[in-house]
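Scroll down for the structure; my scribbles are underneath it.
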Amino acid sequence: MKTIKLKKESVQLVKEVLKDIKASPDLGIYKCVQCGMCTSVCPGAKETDYDPRDMIRRVLEDDETVVDDDNIWNCFSCYTCNSVCPCGNNASEINQILRQMSIDKGEGMKKIVSFAAYGDSFMELGVGSIPSNFFDVMVKDIGPGYMDLKINIEDIRTDLGLGSYILPEKAIDEVESILDNSGFKDRLEKIKRCK
Amino acid sequence: MNPDSSKDISNKDLKIGVFLCRCGGNISDTVDMEKLRSSVDAEVVEEFENLCSINGRKIIRDSIIQKNLDRVVVAACSPITHEKTFQKYINPLNPYLLEMANLREQCSWVNPDVETATEKAISLVNASIEKVKYAQPLDPILRKTTKSAAVIGGGISGISASLSLARQGIKTCLIEEQPTIGGAMVKVGKLFSPEKLAEECAMCLLNPLVNEAVEHKNIKIMTNTTLKAAERRSGNFHLLIESKPRKVIEEKCISCGKCAEVCPVEVKDSWNEDMTFRKAIYKPFAQAVPDVYTIDLENCKNCGKCQEVCRMNAIDLDMEGEVIPMTVGSVVIATGHKTFDMDKRPEYSYGRHDDIVTQMELARIMGVNGPTKGKLLKPSNNKIPERVVMVQCVGSRDEKPGGRKYCSKVCCMVAIKHANVIKQHYPDTDVIICYTDMRTPGMYEKYFKYAQSNGVRLIRGRPGEVAEKDGIFTVRLEDTLSKEPLEIEADLVVLSTAMEPSDGTINVSGLLDVGLTEELFVKEKHSKIKPVATEVDGVYVCGTAQGPKDITDSIVQANAAAAKISELINGGVELEPFVASIDQSKCTLCKKCIDICKYKAAYIQDGILTVDPISCTGCGACIWECENNAIEIMGQTDEQIIATIDGMLKDKKPDEKRIIAFLDSVGYVSADNIGINKITVPSSVRIIKIPSMNRIMPKHILHAFKMGADGIIMGEYPYNPMYSHTKEKIAGLKGELVKNNINPDRLAFYKVYIPYFRGLANKFKEFDGEIKCLDTP
């Protein structure tokens, strides 16, 4: 049986969430009445066991295990939950804060390894681009046309009268230097080591 | 009342009698009465064990008569305890020629040391003597209100208020914008009774009331009319009522309906929530009162066909509107509500599908005089629905843009009522209510349980969306109790929309100068202890114009409003005369006083600035605004305030500290509480009672410092309408001190509350300490 003890434990998850730099100043988490409107419109909740309403409840009840719950990684950050919430709360935002807590703890690092390739594309091309390890999924979602687009992108751009999207060598070097000096590169390597 | 009459006698010539009370030792054990007596400079100084006793009365009265006294000071307990008693005891003198020095609560009980207590007692008595010299004979303000009222809005609230007023003999005019009275109640069809667990016919309950209103000699019903302008004059309201031309002569129309048969214009019938059609000449419903047809000016094409068939010659297409002036003693705002605009919540697909309806539309569908003659049929295909899903809190408890933060209070009961009616007549139709919290307080809980036992299903979750595919609706929500996202298929969706203030409520309040809440409902004078009263005296509110509520509560409020008006008319009001008085020779009608007064006491009448003594609290905020010094507060004139300060600071010793504490009436009671609880306060503190800190001007503060005050503390209760001005003023006063080379730290402000007297005592101690520090080099 769960007991709400007279003596309060020192950790209070909701306070940490509200202190986070990502938390909006008018975040309505304390006003949540658990109506479930967020979950009712959540595409993640439809397909997985992710439940934004329950996630908010666990934060309010100081259940720290929510940070380690795999389900928090099923949010698409579409913000539909926020657009319907009658209390001015934002489950997407809270989800991102919890994910960052998980990453800071180390556990969450594994969840973002597959996104490391995005970082590589910044280092190699100077711009963000969908990494090759996602191509199969993209073809599955969009169809074979996706690969045609990928292969013929330069020709298509020329036809449309647009210039090359590949940055000049000098610009790529500059971007790489910024990413290196700002600590981005180190962080990327750290994430990759979690494989 | 001539303010100059007492000035004919020089203040020095006034014969003042000072009566000292020992209070059975309560005062005399701590205050050296002998020393006090010898220090008082007055015509008569008497001392008695219990001045408030009948014997005390004899002593005071005999002295007044024998020594020909002009003014009286009673030095005894707090004026809160016995001022009224002593005002009677000084008869034959005018009761306002009395001052009391508070020697018990604010001296002997808070200063255990005999020497300092005696010093303080002397200055308190001196202050009273100085002040009483400027006292003027005043009369309490008596007001009786004209025995007539206007009730604006002819729904159940307005009808109930009118009936109550009329039954008490008050001439009442019931003003209704629509062609018929009855309001929302005639549309809802069924009412439910939590006691009987049954539904009753709304029309059958309302009709006897409507009939009584029609028949009552004291009620004049004016339909098709609106309030155009309002002006308050000497406690009366001058109203301008505009009536739209009905184009049908009421006296001639026999309501045969032939005109409507031939009228070629068809328009949506708002009485049936736009689900049916009516003609441009129409009667909203069979039992409409008055029982006559009306031409809808917006849609009539003036073809004259109705005129041709009318055998009574009742139709006059050239009829013009009228503006009718009237004067009444009181006004009741009963302008009702409207429902939430569903365009603001497109996620529920309202307006895109005929079978997504509001609760009011469902009420019309199920009403025997509605579009389906009472049968529950879907608007799209006239078939009985298999499943009805009700969505609660649509627009209520909603902080999104356009939403209403409050709970609309009746929707849970309305949903249960409709669910019960459906279950009784169509047991095969499934009814599901999607709720966040079921709020069924009091007896309504019984009706809620009754719905559960009838098989009404309840799912806890707030739907985020209603979608449609192939004629079937999907209501998406999370069943929050089983923690499962859920899609409910339905063929009729009913939205429980929020109650909002009606346009009439907002317009009428503006015309009457009555304040509104944040949500634009009519604001009550005090939501806890002054219900149904508004900021403007003589204007009352009832029903949903004041906030969401059900029929029972609306009727209760309507009766309360009528009772309040009856109090004004039958009892009259007797008030202390300490209100603003205008020197007309100095007033330039700049209106600054009108703008600042949140009590709405000042107004211009026939080119003269007038103060409504019932509304004025004598706070004095207007004096600051008046550049021509045309305003005085009776009983708190500048002379009286200055004299009191002088008395408090008289004979101050070089090494002594004196702090003047200006307290409002709440602060004064709080200070009395310090005494009652025998908490010691610094002997330096001298309390002066002032109606509001807004009365204190820089000249008073500067005078006090000039006369030797070491510090000034001001205490005010923060929940009064003028408090925002107080705060600005304190900053202004501190600025004045800086300009005059006085340390602004010598002026302190403190929020006072009656039960928080220990806080006030601590503040006195703290401030006394700070002042001592300032004076220590």
Side-chain angles (χ1 to χ4, degrees), chain A residues 2 18 23-61 63 65-66 69-72 74-95, chain B residues 340 344-349 389-408 411-412 432-439 458-467 473-490 493 495-498:
Chain A
K2 198 170 123 186
L18 285 169
S24 309
D26 54 353
L27 191 62
I29 184 165
Y30 281 123
K31 290 190 277 182
C32 176
V33 289
Q34 293 284 299
C35 70
M37 212 167 176
C38 46
T39 304
S40 79
V41 293
C42 175
K46 213 171 185 176
E47 303 298 332
T48 73
D49 285 339
Y50 175 54
D51 184 340
R53 175 198 56 78
D54 198 52
M55 174 188 74
I56 302 293
R57 179 191 63 79
R58 288 168 76 183
V59 170
L60 286 166
E61 291 178 7
D63 176 0
T65 64
V66 68
D69 189 331
D70 275 353
N71 277 312
I72 65 170
N74 293 328
C75 167
F76 293 83
S77 295
C78 71
Y79 283 73
T80 313
C81 51
N82 175 229
S83 75
V84 298
C85 177
C87 304
N89 195 15
N90 190 340
S92 268
E93 199 173 282
I94 290 163
N95 178 287
Chain B
F340 186 73
K344 289 177 188 160
R345 294 291 173 267
E347 56 265 39
Y348 291 142
S349 303
V389 173
M390 296 185 182
V391 178
Q392 296 305 100
C393 302
V394 178
S396 303
R397 306 179 72 195
D398 184 348
E399 294 189 17
K400 290 198 297 272
R404 299 275 159 183
K405 286 183 190 167
Y406 50 83
C407 163
S408 288
C411 331
C412 284
I432 299 176
I433 300 175
C434 303
Y435 71 100
T436 307
D437 299 287
M438 285 309 287
R439 293 182 167 172
L458 293 129
I459 294 178
R460 192 193 177 280
R462 186 161 172 165
E465 195 179 7
V466 179
F473 301 118
T474 303
V475 179
R476 295 207 174 95
L477 72 158
E478 183 194 12
D479 181 344
T480 57
L481 299 180
S482 67
K483 201 190 163 225
E484 239 176 330
L486 183 68
E487 290 187 340
I488 311 173
E489 291 185 343
V493 174
L495 307 171
S496 296
T497 46

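Convention: sequence-line order gives letters A, B, ...; per-chain numbering from 1.
Counting only distance, with no hydrogens or angles, the side chain of B/K400 and the backbone of A/S83 share no donor-acceptor pair below 3.5 Å. Remark: side-chain polar atoms of A/S40 are not paired, donor with acceptor, to backbone N or O of B/L477 under 3.5 angstrom. Distance alone, capped at 3.5 Å, places no donor-acceptor pair between the B/R462 side chain and the A/P86 backbone.
A heavy-atom distance below 4.5 Å is not found between the side chains of B/K483 and A/T39. Counting heavy atoms from C-beta on, the side chains of B/R476 and A/V41 never come closer than 4.5 Å.
Remark: B/E399 CD to A/C85 SG distance equals 8.0 Å, nearest 0.5 Å. Expressed to the nearest 0.5 Å, how far SG of A/C42 lies from CD of B/E478 amounts to 9.5 Å.
Neither the backbone nor the side chain of A/C81 has a heavy atom closer than 4.5 Å to any heavy atom of chain B.
Between chain B and the options A/K31, A/K46, A/M37, A/Q34, heavy-atom pairs under 4.5 Å are most frequent for A/M37.
Counting all heavy atoms, side chain and backbone alike, B/T436 lies closest to A/C35 at CG2-CB, 3.5 Å. Across all their heavy atoms, A/A45 and B/P485 have their closest contact at O-CG, 3.6 Å.
Within 6.0 Å of the CD atom in A/E61, the count of heavy atoms belonging to other residues, nucleotides or ligands exceeds 12. The number of heavy-atom neighbours closer than 6.0 Å to CG of A/D49, taken from other residues, nucleotides and ligands shown, is 12 or below.
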